[in-house]
Amino acid sequence: MTEPVADIGVVGLAVMGSNLARNLARNGNKVAIFNRSPEKTEHLVVEHPEAEFVPTFTYEEFAASLARPRTAIIMVKAGAGTDAVIDELVRVFEPGDIIVDGGNAHFPDTIRREKAVRETGINFVGAGISGGEEGALNGPSIMPGGSDEAWVTLGPILRSIAAIAEGEPCVTHIGHDGAGHFVKMVHNGIEYADMQLIAEAYDLIRRGTGKTPAQIADVFAEWNTGELESYLVEITAEVLRQNDAATGEALVDVILDEAGAKGTGAWTVQTALDLGVPASGIAEAVFARSLSSQRGQRDAAVGLPGPAPAEHEGFAHDAETFVEQVRLALYASKIVAYSQGFDIIRAGAAAYDWAIDLGAVSKIWRGGCIIRAQFLNRIADAYAAQPDLPLLLAAPYFAEALGRAQDAWREVVTVAAASGIPAPAFASSLAYYDGLRADRLPAALVQGQRDFFGAHTYRRVDRPGVFHTEWSGDRSETQES
Ligand SMILES: NC(=O)C1=CN([C@@H]2O[C@H](COP(=O)(O)OP(=O)(O)OC[C@H]3O[C@@H](n4cnc5c(N)ncnc54)[C@H](OP(=O)(O)O)[C@@H]3O)[C@@H](O)[C@H]2O)C=CC1
Ligand SMILES: O=C(CO)[C@H](O)[C@H](O)COP(=O)(O)O
């Protein structure tokens, strides 16, 4: 019989779980490991003897190896795999033990699982973990939900393995039940938007200036020394600089232009729609990936009228000026994407009764995760100055940056449209910004139309109340009681 020698266990030893287990071991924990296929367990033990893992091959053995109260982190394929592992752990665990799901679970699943597991007396914590392979090993950003009771035990463990940014661990108790996975979902939605904006910036620079991918890598490397400093800008330079060994071409030119997606971006947009939050920049990023993968429709659209980007190649007369305009447009659009992301979190917190501290969220995203960026310090500052900030992009720092970017942002969107270069995230971010600023929106006409065909009523600018016009009668106005 296995002795209860381990402080913590990890179930699921693929990329994330194996590296997280090593991170836990490096930080003074005795780690029990288990994977459905035993080969992964055996492999990890052989590859990393320094970690002194406790290998286990049945759930009974896994539970027996853990000191009480038992704590296990699940890192398996989200969905049915997570449910299967939870069922097994609930079978072998006892009241007071803690099960942490560190995968990319959809937050309604986490709410459901937390409720079901709580009834057994076992604590269930859905924790978003970001940082990929490197982050899991060296320090991810961690977004745990779950109960206050579980956080007392988990907090010190998670703090010991999280990334450190500005001297602070990138982990905080986000809120109860599904709050952690909700925030991780929005993190990924912002990730989609950031990646799409960067991709549009690359495309515009390439077509506008004729620079090679390697030259554009230099542009991104330079941008990474300023206000755009971020992990995604940094790795963009790396990807653009990479040559394909087989052809000698830039790797980016031999990668099929059809973007994949595992679903977290779509969940973010679906949630934003449900909550009535106009997360248009994030939505465009998700749709841009979908469009890229519609190969049949893209083939059917070849030859349709419109400017042919090739004819406009090198349209930027002053390459350096254009590159700077794109930089400013990227920064402004990025501000919009983050502002929309924080709006989704605020709306989610209200809808699900989670006390989410938006400033704390911005702080734990400063290190370890995929969207880590210098920029998040400015967001943290904005929430520190005004914790109930109604609109992030209107905070003084961002308002100034948006002011500075105005002309360039508009010029880049104009030039993209005129040249037939798709820049949906840039364009929708600008339209969103203009929509917010507008003194008056054509929504008034939409209200009139709704009242016309469906007696849906409207409110007036000059007096309170709800009104309807008798459109099919004498067109007099009545006030609803
Ligand atoms: N990869 C990344 O960069 C990131 C991933 N995540 C999330 O972390 C989790 C793990 O990701 P990753 O390491 O990439 O691994 P995968 O998502 O590829 O999942 C593979 C792991 O899941 C296990 N598994 C699948 N189905 C079952 C099942 N029914 N019962 C038991 N185990 C099962 C596999 O076991 P077996 O070996 O037996 O097949 C394997 O250990 C996922 O939820 C993912 O979304 C989060 C952040 C970043
Ligand atoms: O969670 C992550 C990082 O935070 C993953 O990298 C993310 O799942 C990637 O998503 P997609 O495959 O949809 O691009």
Side-chain angles (χ1 to χ4, degrees), residues 9-23 33-44 56-59 62 72-89 91 99-107 109-110 113 126-144 162-163 170 180-196 198-199 230-232 235 258-270 282 285-290 292-293 341 364-365 367-373:
V10 176
V11 178
L13 302 175
V15 174
M16 291 298 284
S18 59
N19 284 292
L20 203 70
R22 290 175 60 201
N23 184 349
I33 54 173
F34 175 85
N35 192 73
R36 178 180 61 177
S37 318
E39 303 77 36
K40 281 201 179 74
T41 312
E42 287 156 356
H43 180 76
L44 192 60
T56 64
F57 298 93
T58 64
Y59 282 102
F62 179 72
I73 303 181
I74 305 173
M75 289 305 293
V76 303
K77 197 172 175 58
T82 309
D83 280 317
V85 174
I86 291 170
D87 287 348
E88 293 290 350
L89 290 179
R91 189 173 59 75
I99 300 172
V100 182
D101 172 21
N104 274 336
H106 197 194
F107 75 93
D109 287 338
T110 303
R113 289 168 181 150
I129 298 183
S130 179
E133 180 174 6
E134 188 263 333
L137 180 61
N138 297 317
S141 173
I142 311 177
M143 293 147 257
C170 294
H181 275 138
F182 185 95
V183 166
K184 173 68 202 304
M185 174 191 76
V186 176
H187 165 284
N188 282 22
I190 294 172
E191 176 181 305
Y192 274 55
D194 219 339
M195 292 168 75
Q196 175 64 22
I198 289 171
S230 63
Y231 173 71
L232 284 171
I235 65 162
E258 296 176 14
K262 294 206 186 77
T264 49
W267 293 345
T268 309
V269 176
Q270 284 157 354
I282 297 173
V286 175
F287 289 138
R289 290 198 194 184
S290 312
S292 77
S293 300
I364 65 164
W365 286 350
C369 63
I370 304 299
I371 65 169
R372 62 184 181 262

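For the single chain, residues carry numbers from 1 onward in sequence order. First listed ligand is number 1; within each ligand, the first listed atom is number 1.
For atom 12 (O) of ligand 2, the closest non-hydrogen atom on the protein side is K262 CG, 3.2 Å. Looking only at protein heavy atoms, the nearest one to atom 9 (C) of ligand 1 is V76 O, 3.4 Å. Nearest to atom 1 (O) of ligand 2 among the protein's heavy atoms is K184 NZ, 2.8 Å. The shortest contact between atom 9 (C) of ligand 2 and any protein heavy atom is with E191 OE2, 3.8 Å. Looking from atom 4 (O) of ligand 2 to the surrounding protein, the closest heavy atom is S130 OG, 2.9 Å. Closest to atom 39 (O) of ligand 1 among all protein heavy atoms lies R36 NH2, 3.0 Å. When hydrogens are left out, the protein atom nearest atom 7 (C) of ligand 1 is N104 N, 3.7 Å; that is the closest non-hydrogen contact. The nearest protein atom to atom 15 (O) of ligand 1, hydrogens excluded, is given as A14 CB, 3.4 Å; this is a heavy-atom distance. Protein heavy atom in closest approach to atom 8 (O) of ligand 2: N104 ND2, 3.4 Å.
Residue-ligand proximity, I129 to ligand 1, at heavy-atom distances under 4.0 Å covers atoms 46 (C), 47 (C). Per-residue contacts place H187 under 4.0 angstrom from the following atoms of ligand 2 (heavy atoms of the residue considered): 4 (O). Those atoms of ligand 1 that come under 4.0 Å of a heavy atom in G132, given as number and element, are 3 (O). For ligand 2, the atoms closer than 4.0 angstrom to any heavy atom of Y192 are 11 (P), 13 (O). Within the listing of ligand 1, atoms 41 (O) sit less than 4.0 angstrom from a heavy atom of G12. Proximity to L13 (heavy-atom distance under 4.0 Å) selects the following atoms of ligand 1: 41 (O). When each atom of ligand 1 is checked for a heavy atom of S37 under 4.0 Å away, the hits are 36 (P), 37 (O), 38 (O), 39 (O). Against a heavy-atom cut-off of under 4.0 Å, A78 is close to the following atoms of ligand 1: 43 (O). Atoms of ligand 2 found under 4.0 Å from any heavy atom of A261, numbered from 1 in the order shown, are 13 (O).
Residues M143 and F182 are not in side-chain contact: their nearest non-hydrogen atoms beyond the backbone lie 4.5 Å or more apart. Using a 4.5 Å cut-off on side-chain heavy atoms (C-beta onward), I364 and I142 make no contact. You'll find the side chain of I99 stays beyond 4.5 Å of the side chain of R113, heavy atoms only. In this structure, F107 and V186 have side chains that are not in contact, with every pair of non-hydrogen atoms separated by 4.5 Å or more. Between N104 and N188, the closest side-chain pair of non-hydrogen atoms falls below 4.5 Å.
The distance criterion of under 3.5 Å between nitrogen or oxygen atoms is met by N35 with respect to ligand 1. An N or O contact shorter than 3.5 Å is missing between T264 and ligand 2 by distance. Checked against a 3.5 angstrom limit, the closest N/O atoms of V15 and ligand 1 fall inside it. Note: no N/O pair closer than 3.5 Å links G102 and ligand 1 by distance alone. Residue M16 has at least one nitrogen or oxygen atom sitting less than 3.5 Å from a nitrogen or oxygen atom of ligand 1, judged on distance alone.
Distances from atom 19 (O) of ligand 1 to the heavy atoms of E133, K77, E134, K40 put K77 nearest. Of the candidates K184, H187, M75, M75 brings a heavy atom nearest to atom 10 (C) of ligand 1. Within the set I370, I129, N188, the minimum heavy-atom distance to atom 7 (C) of ligand 2 is found for N188.
Neither the backbone nor the side chain of T82 has a heavy atom within less than 4.0 Å of ligand 1. The part of R289 lying near ligand 2 is the side chain, judged by heavy-atom distances below 4.0 Å.
Considering every non-hydrogen atom in both M185 and T264, the closest pair reads CG-O, 3.8 Å. Of all heavy-atom pairs spanning I282 and T268, the tightest one is CG2-CG2, 4.3 Å. Here the closest non-hydrogen pair linking N23 and G135 is ND2-O, 4.3 Å.
Taking the six-membered ring for Trp and thresholds of 30 and 60 degrees, F34 and Y59 have ring planes inclined between 30 and 60 degrees apart.
A donor-acceptor pair under 3.5 Å is formed between the side chain of T56 and the backbone N or O of I33.
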